[in-house]
Number of protein chains: 2
Amino acid sequence: MTDITADPGRDRPRSASPTLHDVARHAGVSLATASRVLNGSTRKVAESYGDRVRSSAELLGYSANLSAQATAKGTSAIIALLVADIADPYFGLLASGVAHGADEAGLVVTIAITERDAEREIRLVRALRGQRPRGLILAASRRAETTDPRLKHELDALTAGGGRIVTVGPGGGDFPAVLIDNRGGARALGVALAARGYRSAIVLGALEGVRTSDDRIEGFSEGFRSGGGDISRVIRGGFDREGGTSAMDEALAGGVAPGAVVFGISDVIALGAVSAIRKAGREVGADIAVAGFDDIPTGKDVTPALTTVHVPLTQVGHEALRAVLDDSWVSGETIILEVLLRESTPQR
Amino acid sequence: MTDITADPGRDRPRSASPTLHDVARHAGVSLATASRVLNGSTRKVAESYGDRVRSSAELLGYSANLSAQATAKGTSAIIALLVADIADPYFGLLASGVAHGADEAGLVVTIAITERDAEREIRLVRALRGQRPRGLILAASRRAETTDPRLKHELDALTAGGGRIVTVGPGGGDFPAVLIDNRGGARALGVALAARGYRSAIVLGALEGVRTSDDRIEGFSEGFRSGGGDISRVIRGGFDREGGTSAMDEALAGGVAPGAVVFGISDVIALGAVSAIRKAGREVGADIAVAGFDDIPTGKDVTPALTTVHVPLTQVGHEALRAVLDDSWVSGETIILEVLLRESTPQR
DNA sequence: TTGTAGGCGTTATCAT
DNA sequence: ATGATAACGCCTACAA
């Protein structure tokens, strides 16, 4: 008969990660002391002990168990990020800014993708909530104030649990927001295009109710009209490239006069439109001008280069992170956008 | 004097999230029972109790505390993803696949960005390790077998802690990998370009030692030479757009004969090259042909459309996720790539 | 300054 | 099938 107590192994099952306990024992100090030097902060501990503990930790390859820390402290070092589609450059750039900021702050970011599906979004927030994140950055294109009560419920639960929520984009919701001046930027674009001599425009937008889209459409219309232009059509579709091509197909089917300008409310949509225009045998630029919004890198690579409105996405992400960490943060400066006139909208 | 025990509030500090305890009490069952119906699985519990518990949970807005679950179970529901740069479409697409798969599996994805900085990478793995993730997907461009021992140490610690590691890309490391046939794809591209009549090529790659880059360079060289072509120069630089432009500038300074083809080992690099070529007043296509690798969406939008090798990144990400979850997974089918000949490399 | 001990929200073992 | 109860790894009054 083997001695059941002796059999399983040495002291500890040396397969799992070393615990704080292991480190303390190895350093010959108490758990509390080890905790203080390794994780806790303000407390003071003698130099000699500190060094002992640190080297033991190093030697053992100790890494604090964040989950345990979180359950003990009641709060985690996690920032949750909710985006519509991480493969979309808009969100990629944004996520990049968030991730950088998080890294600087010693936080970890958890990411989830809504695919612009409301049900999915609710499910995801619920799941994210399980992490008791320190904060949640909501960057998925919000649909107006029509916020689903169930989503609202999950969101409230998250804040009730001590997490801060920050939205990025249009703002106007129930949470602090990093404001992007979509309306102003679009207005400036409208004015600039009118000044370039355009008089007729077709707008390609997302579904009605998507704030970002609505704001850009309205702003553009104001600006373009104030410059003497006329919006001949507003076609709504998906927020992706495919949405742009089909909307443009529809526009072309209805007839597009030479010299008109097409405003896609995002560069991705505009690029889809460019593709549709080409496929229809028309020329982008002098024949049918195209402008977008966001200033994703691709816009500079296409020919003719895409006129757009620059949105400092990485910076926005970074600011969103700071905002979510700062309890006193309510609203920063609205992010001002800059019009970038390029060859896709030549002077007429 | 206020009664200190009565003062702070009702039963519980009704500000934090309701706990399993709250739910159990509300439903009038034991903690264990509540746990079984809500989270645990196999165990059976009477229908009546089950319903009671579920509705209590619903009513209270209960959401399992993942951290607590993790400390109790010793394993988390987290998948960590390490990429070089989330704003790069390559990684964006990959992350998208991972995120989708994770969602299906009820897992949460934590993301970190190395920026191709070795020090940073070590730090990040250490941080990620704190989460005791169920798995880690390593997609940051690995630098050959020159793996830093400290990184190796962190990685080993992570597996020792029960996490599985899967790399995506070249493979050949110490961990299971989702293999991408960079070499074969590049070889096929070389052959195809030679068949299109090209005889002289300039290769724009990343720094020596970056496996993905090296494999693509070697594969391309083999293929192109086998078709009768000649590699006139190999210029190495950064893995981003800027790396492509400066490498191309260098190539142009040395002189590039009309009819040559430039192979950028990634689309992003190739796009940078295109930009440099244009700026130098040369024409892309008939004059200087350009080919890339990856097949990022932008490649279809530029003019002339970019010849490239399609890498099913989203699928790769999805497979990486499955691989990291499946302990018995060692290596799947190598991902086969497909050459996409477009207008940037016209027939000569 | 250091250690002791109780608690964080869950899970899982073991009786019942 | 259900319910106490001891972990899980860590933090933090409180005591020494």
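Numbers restart at 1 for each chain; the letters A, B, ... are given by sequence-line order, proteins then strands.
- Under 4.0 angstrom from either OP1 or OP2 of C/dT10 there lies no side-chain N or O belonging to B/N39.
- A side-chain donor from one of B/T110 and B/Q131 sits under 3.5 Å from a side-chain acceptor of the other.
- Close to D/dC10, at under 4.0 Å from its OP1 or OP2, lies no side-chain N or O of A/Q69.
- A donor-acceptor contact under 3.5 angstrom links the side-chain atoms of B/R36 to the base of D/dG3.
- Nearest-nucleotide positions on DNA chain D for A/N65 and B/V29 put B/V29 closer to the 5' end.
- Here D/dG3 is the nucleotide among C/dT4, C/dT10, D/dG3 with the atom lying nearest to any side-chain atom of B/S30.
- Between D/dC11 and A/S35, a contact under 4.0 Å exists linking OP1 or OP2 to a side-chain N or O.
- Terminal axes of the helix from C/dT1-D/dA16 to C/dT16-D/dA1 (five pairs each, C1' rotation axis) are separated by 40°, to the nearest 10°.
- Within the nucleic acid shown, A/A32 comes within 4.0 Å of at least one base atom, counting heavy atoms only.
- One finds no side-chain N or O of A/T71 lying less than 4.0 angstrom from the OP1 or OP2 phosphate oxygen of D/dC10.
- Comparing B/L31 and B/R132 by the nucleotide of DNA chain D that holds the closest heavy atom to each, the one mapping nearer the 5' end is B/L31.
- An OP1 or OP2 oxygen of C/dG3 is reached within less than 4.0 angstrom by a side-chain nitrogen or oxygen of A/T33.
- At a threshold of 4.0 angstrom between heavy atoms, the contacts of B/A64 are confined to the sugar-phosphate backbone, with no base atom among them.
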